[in-house]
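Working notes, structure below.
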Amino acid sequence: MKKLHVQLLLRRLWCLLFLGFCLTDVCRAQSSPPGNVVIDGQLKEWGDTLRYYDKAARLYYDVHNDHDFLYIALRRPKHAWKIVLAERMSFEISKDKDDKDGLKIFYPGHFTLNKDDMWNFLEVKRAGGQSFDTLTIYNDYGLQAAGGFWEQEQKTRKSSAGDMLLSAVPASVNGMPSTTEAPKETVTGIVGADCELAIPMKLLPATSGAVYIQIVIPGEKDIVAALNGVGYLAGFNMERGTPEAVDDLMVESKLSITYRLK
């Protein structure tokens with residue numbers, strides 16, 4: 001009987017250790033890597049879904065490397081329109097967690113405000129470098145990138161992002177009532193984004209052991225600036241956004257990954 005209790009205890013301890021390992025941000029080299037990765041932003045080679053999900057950052061992701069490249073695949077399944085804001089999305093790769101002098105990439109780039117064209121540009125600061133170079137996705141660095149936004153429609157009785165702007169309008173103007181009543185039902189859109197990077201190993205601060213990857217989508221505290229950036233500058237239809245998506249514009253999304261190169 002004692003032997004049985006010991007075996008059960010060991011099994012439970014093993015399950016707890018396994019669960020604890022899975023909940024960490026350590027992403028090890030894949031034993032079954034995606035085959036023939038093509039950097040087209042479609043993510044088809046990575047399977048039906050990306051292997052990892054960070055709930056706080058609302059990001060699906062996967063990482064893999066071979067002899068030539070470190071590959072990063074990323075999906076934000078909703079509220080992705082904040083990627084168009086001023087700071088865009090950054091990828092920082094360093095050999096130490098506290099190292100601020102590693103490789104840093106802004107993607108999509110800042111060269112254009114158009115929500116489609118921006119995916120054709122990126123900015124890169126080499127490890128140890130002091131300034132950023134603006135590149136197209138076809139560049140002499142050998143760095144490959146592709147991505148884009150996608151949208152799914154949904155009907156809701158909640159107010160849209162456009163209605164939130166209207167709610168700031170006074171109920172009357174010069175004594176005359178203003179017509180700002182929100183529609184009872186509206187068609188909104190879930191805006192997501194997919195992207196892939198293939199980073200040459202020669203650009204990494206380390207080519208063996210662990211590297212630390214931090215992906216950040218900053219928030220914008222100035223909601224008027226955020227809505228202007230998303231709607232008027234980038235070209236998203238504000239009538240199709242939800243209040244939840246607007247709230248997300250003001251919150252930073254941060255994902256930290258420890259990846260062991262193979």
Do the side chains of [Y] and [X] get nearer than 4.5 Å, heavy atoms only?
X	Y	value
Asp66	Val37	no
Asn120	Thr136	no
Val216	Phe91	no
His67	Met201	no
Asp194	Trp150	yes
Ser94	Lys100	no
Arg76	Ile217	yes
Phe121	Thr112	yes

What closest approach, in Å, do [X] and [Y] show between heavy atoms, and which atom pair accounts for it?
X	Y	result
Gly229	Val84	O-CG2, 4.1 Å
Pro205	Ala127	CB-CB, 4.2 Å
Ala73	Trp46	CB-CE2, 3.5 Å
Ala210	Arg260	CB-NH1, 3.8 Å
Gly192	Ala80	C-CB, 3.5 Å
Gly142	Pro200	O-CG, 3.4 Å

Under 3.5 Å side-chain donor-acceptor pair for Tyr141 and Asp133:
yes
Would you kindly check if the NZ (Lys) or CZ (Arg) of Lys115 is within the cone defined by 45 degrees around the ring axis of Phe236 and under 6.0 Å from the six-membered ring centre?
yes
Quiz item: cation-pi between Arg126 and Phe132, 6.0 Å / 45°
no
Has the side chain of [X] got a donor or acceptor atom that lies under 3.5 Å from a matching backbone atom of [Y]?
X	Y	result
Arg88	Gly109	yes
His110	Ala86	yes
Asp99	Asp101	yes
Tyr107	Trp119	yes
Asp117	Asn114	no
Asp222	Ala226	no
Glu196	Asp40	yes
Lys82	Met250	no

When Asn65, Val63, Ile93 are each screened for side-chain contact (heavy atoms from CB on, under 4.5 Å) with Val211, the one that passes is Ile93
Side chain to side chain donor-acceptor pair (under 3.5 Å) assessment of Ser208 paired with Lys262
CA-CA 7 Å; Ser208 62; Lys262 66 176 185 179; over 6 Å; no
If hydrophobic clusters are built from ILVMFWY residues whose side chains come within less than 4.5 Å, do [X] and [Y] share one?
X	Y	result
Val251	Ile215	no
Leu103	Leu255	yes
Leu74	Leu143	yes
Ile199	Ile213	yes
Val124	Phe111	no

Are Glu244 and Arg58 close enough for a salt bridge, meaning some N to O gap below 4.0 Å?
yes
[atom1] of [X] to [atom2] of [Y]: how many Å apart, nearest 0.5 Å?
X	Y	atom1	atom2	answer
Asp247	His79	CG	NE2	8.5 Å
Phe106	Leu135	CZ	CG	13.5 Å
Tyr71	Gln144	OH	CD	7.0 Å
Glu92	Tyr212	CD	OH	14.0 Å
Ile72	Cys195	CD1	SG	8.5 Å
Leu261	His64	CG	NE2	11.0 Å

Intermediate values then yes/no, side-chain contact (heavy atoms from CB on, under 4.5 Å), Glu45 and Asn36:
CA-CA 7 Å; Glu45 305 88 346; Asn36 300 320; 5.6 Å; no
Would Phe149 and Ile83 satisfy side-chain contact (heavy atoms from CB on, under 4.5 Å), going step by step from the backbone distance to the final call?
CA-CA 10 Å; Phe149 295 104; Ile83 292 173; 4.1 Å; yes
Tell me whether Lys125 at atom NZ has more than 12 heavy atoms from other residues, nucleotides or ligands lying less than 6.0 Å away.
yes
Aromatic contact between Tyr60 and Tyr52, with the criterion being ring centroids under 6.0 Å apart: yes or no?
no
Would you sort out whether Leu249 and Glu220 count as a side-chain contact (heavy atoms from CB on, under 4.5 Å), showing the intermediate values?
CA-CA 6 Å; Leu249 288 173; Glu220 172 57 75; 5.6 Å; no
